[in-house]
Amino acid sequence: MQRLIDEDPEIPPPLEPLVPALAETVLYWSAGHRSVAVVHDEQSALTPGRVARLGAFLAEQAEPPPLHSFTQVDSKHDPRVQVADFLAGIARRRTPDLEELLEPYTCAATKSSQV
């Protein structure tokens with residue numbers, strides 16, 4: 001609590017959703033049996049220290065370590081992030097044809113963990 005009061009830069013603000021969202025994403029895609037590399041647009045909440053602490057915590061929970069690497073990029077210049085943003089925006093519309101098209105990619109971790 002004192003570290004929050006002192007505004008320790010390694011501790012995210014209590015209502016910051018990016019760190020827990022990153023953890024859930026890494027756990028989902030690693031599916032308990034692989035490490036994943038994350039490429040994310042630049043976010044001030046995802047400091048190198050916070051990501052390192054998250055990676056170390058997740059590594060203690062599973063083998064192999066779920067987070068292999070984390071790279072921040074400028075979304076204006078990285079087509080991977082642009083495509084991901086585009087698909088996320090469209091997927092929010094819950095279009096049946098789009099859901100069917102994306103299902104092999106969005107359900108891949110779930111299917112492989114059930115095998």
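Note that the structure is a prediction, hence the values are computed from the model and not measured. Along the sequence shown, residues are numbered consecutively beginning with 1.
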What are the two closest non-hydrogen atoms of Arg34 and Ala31, and how far apart are they?
NH2-CB, 4.1 Å
Gln82 versus His77, closest heavy-atom pair with distance
NE2-N, 3.9 Å
Short N-O contact, Asp78 and Arg80, less than 4.0 angstrom
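Answer for the salt bridge query: yes.
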For a quick test of your reading: what N or O donor-acceptor pairs under 3.5 Å do the side chains of residues 42-59 make, sequence neighbours left out?
unit_1, atom_1, unit_2, atom_2, d
Gln43, NE2, Asp41, OD2, 3.3
Thr47, OG1, Arg50, N, 3.1
Arg50, NE, Pro9, O, 3.0
Arg50, NH1, Ala45, O, 2.8
Arg50, NH2, Pro9, O, 3.0
Arg50, NH2, Ile11, O, 3.2

Do Val38 and Thr25 pass the side-chain contact (heavy atoms from CB on, under 4.5 Å) test, and can you show the C-alpha distance, the side-chain angles, and the key distance before you say yes or no?
CA-CA 9 Å; Val38 175; Thr25 301; 5.9 Å; no
Can you get from Val36 to Val19 by hopping between Ile, Leu, Val, Met, Phe, Trp and Tyr side chains that sit under 4.5 Å apart?
yes
Test item: Leu22 and Phe70 side chains (from C-beta on) under 4.5 Å apart, heavy atoms
yes
Could you tell me whether a side-chain N or O of Ser35 sits under 3.5 Å from a main-chain N or O of Leu67, the two making a donor and an acceptor?
no
